[in-house]
Amino acid sequence: MIDESFQWRKELAVNDLSESSIPQWLLEIGGIYLHGYDKEGNKLFWIRVKYHVKDHKTIMDKKKLIAFWLERYAKRENGKPVTVMFDLSETGINSIDMDFVRFIINCFKVYYPKYISKFVIFDMPWIMNAAFRIVKSWLGPEAVGLLKFTSKSEVQDYVSVEYLPPHMGGTDPFKYSYPPLVDDDFQTPLCENGPITSEDEASSKEDLESDGKETLEIVSSEEQACLPKKSNLTDTTPKEENEKVDSKMKIFKKPSSVFKGPLLHISPAEELYFGSTESGEKKTLIVLTNVTKNIVAFKVRTTAPEKYRVKPSNSSCDPGASVDIIVSPHGGLTVSAQDRFLVMAAEMEHSSATGTAELTQFWKEVPRNKVMEHRLKCHIVESSKPNTLMLKDSALTMSDKASEDLALQLSHLLESNRKLEDQVQRCIWFQKLLLSLTVLLLAFVASSFYVLYS
């Protein structure tokens with residue numbers, strides 16, 4: 001498999017594939033792209049079969065397009081699986097291309113193993129039944145279970161309506177267009193100056209008036225002393241500022257896990273923990289720490305920009321300093337485990353100005369290969385206590401130990417019960433044997449008397 005993979009990567013020049021390697025018409029048609037997530041949080045890899053027409057002249061370009069998307073995804077997500085959405089609606093006999101389907105199967109079977117979560121086949125015409133019998137033989141018996149044949153009523157078992165297009169019974173308003181590439185569905189969330197319609201409107205307004213566009217910077221030292229915040233609205237003393245910071249940060253639990261990137265250390269490392277509506281603690285915190293010798297510009301994007309308010313969502317971090325980013329649900333909307341956040345960062349090597357205009361211009365000019373990206377998932381916890389996760393983990397550990405003890409006792413009990421049943425069965429068998437012998441003995445005695453007196 002290693003040899004075959006290297007040969008394949010060399011043949012298609014996979015490592016050097018870029019947008020310029022793919023004919024523009026293939027990117028514009030929208031037949032293959034990444035967009036949305038399934039109910040398990042896996043990225044959706046869409047293949048709109050109706051846009052594919054079997055043609056030996058273009059098959060290599062289409063294979064490169066598949067490889068381009070998979071390689072791009074693999075480099076960014078590093079092992080997270082995808083769900084392949086084969087949309088067969090409005091397809092006909094001209095769209096059947098078994099060579100192309102086999103190539104896609106081999107990509108996940110040999111070239112990107114473990115990247116496939118499942119194949120969701122939507123609205124398959126009856127004429128393709130025979131073709132997919134062949135596909136099953138290519139997958140092998142272990143992977144056949146990954147094929148999910150669905151109709152409009154069944155596809156929602158795997159993907160929620162918010163990521164399904166209208167022709168699948170969904171509500172996703174997404175319309176494919178190129179340029180730019182549609183791979184990440186991250187958009188700019190509501191910033192600190194956005195509209196406020198949440199349940200805690202009063203407290204939100206208070207936050208805005210006190211914070212504005214300020215950035216909380218914390219110098220990394222042995223005592224981790226807080227520096228006064230920079231405010232564009234009012235001039236206050238360092239003592240007052242520190243008191244405000246202290247009182248505000250008491251409501252947050254500092255994340256413990258850390259992702260150590262080349263430009264920023266990001267905490268938490270993988271998941272943002274939001275409290276439920278019942279728990280009352282709906283906000284969460286992202287902590288960024290600059291580990292370079294230059295100013296680092298950053299911005300935060302999300303797959304659900306209408307749901308969240310992020311403060312600050314676009315700013316910068318001084319060398320050795322930290323920035324606390326507050327993320328809160330907007331307008332009473334509920335947090336979903338399918339929501340994602342993207343933290344983008346780039347080093348400002350030759351710039352000292354970090355105003356809004358300078359940052360906007362900087363992001364327009366910075367090369368993509370200079371941008372660090374890190375993704376965060378959302379997780380909902382039911383309690384607002386600071387030690388919720390520790391209690392949860394210990395409860396689960398205790399529960400596991402109790403379950404193990406209970407299972408052990410149950411196994412002993414079942415073994416004892418089995419032995420008792422065996423003994424009872426032996427006793428019953430012995431009684432039956434004695435009864436049979438008694439009957440035979442009585443029959444023998446009776447026959448003997450009969451012969452004697454006759």
Would you call [X] and [Y] a salt bridge, using N to O less than 4.0 angstrom?
X    : Y    : result
E11  : R9   : no
K148 : D157 : no
D123 : K152 : no

[X]: what forms a side chain to side chain contact (heavy atoms under 4.5 Å, CB included) with it, not counting sequence neighbours?
X    : answer
K299 : N314, M344, W363
S20  : S18
K57  : D55
S151 : S153, E154

Does the side chain of [X] come under 3.5 Å of the side chain of [Y] through a donor N or O and an acceptor N or O?
X    : Y    : answer
Y163 : D38  : no
Y273 : E271 : yes
E71  : Y112 : yes
E162 : Y37  : no

Distance flag, aromatic centroids of Y111 and F6, threshold under 6.0 Å: no

Could you tell me whether [X] atom [atom1] has more than 12 heavy atoms of other residues or ligands within 6.0 Å of it?
X    : atom1 : value
K260 : NZ    : no
K63  : NZ    : yes
E270 : CD    : no
K75  : NZ    : yes

Residues in side-chain hydrogen bond (donor to acceptor under 3.5 Å, both in side chains) contact with Q7, at least two apart in sequence or another chain: none

M85 and F122, any side-chain heavy atoms less than 4.5 Å apart: no

Expected output: side-chain E358 to main-chain G355 donor-acceptor under 3.5 Å: yes

Under 3.5 Å donor-acceptor, S117 side chain and T83 backbone: no

What side-chain donor-acceptor pairs closer than 3.5 Å can you find for residues 45-52, not counting sequence neighbours?
residue	atom	partner	partner atom	Å
W46	NE1	H35	O	2.9
R48	NE	D87	OD2	2.8
K50	NZ	E90	OE1	3.4
H52	ND1	K62	NZ	3.2
H52	NE2	D97	OD2	3.1

Test log, rule side-chain contact (heavy atoms from CB on, under 4.5 Å), inputs M372 and L264: CA-CA 8 Å; M372 182 194 108; L264 295 175; 4.0 Å; yes

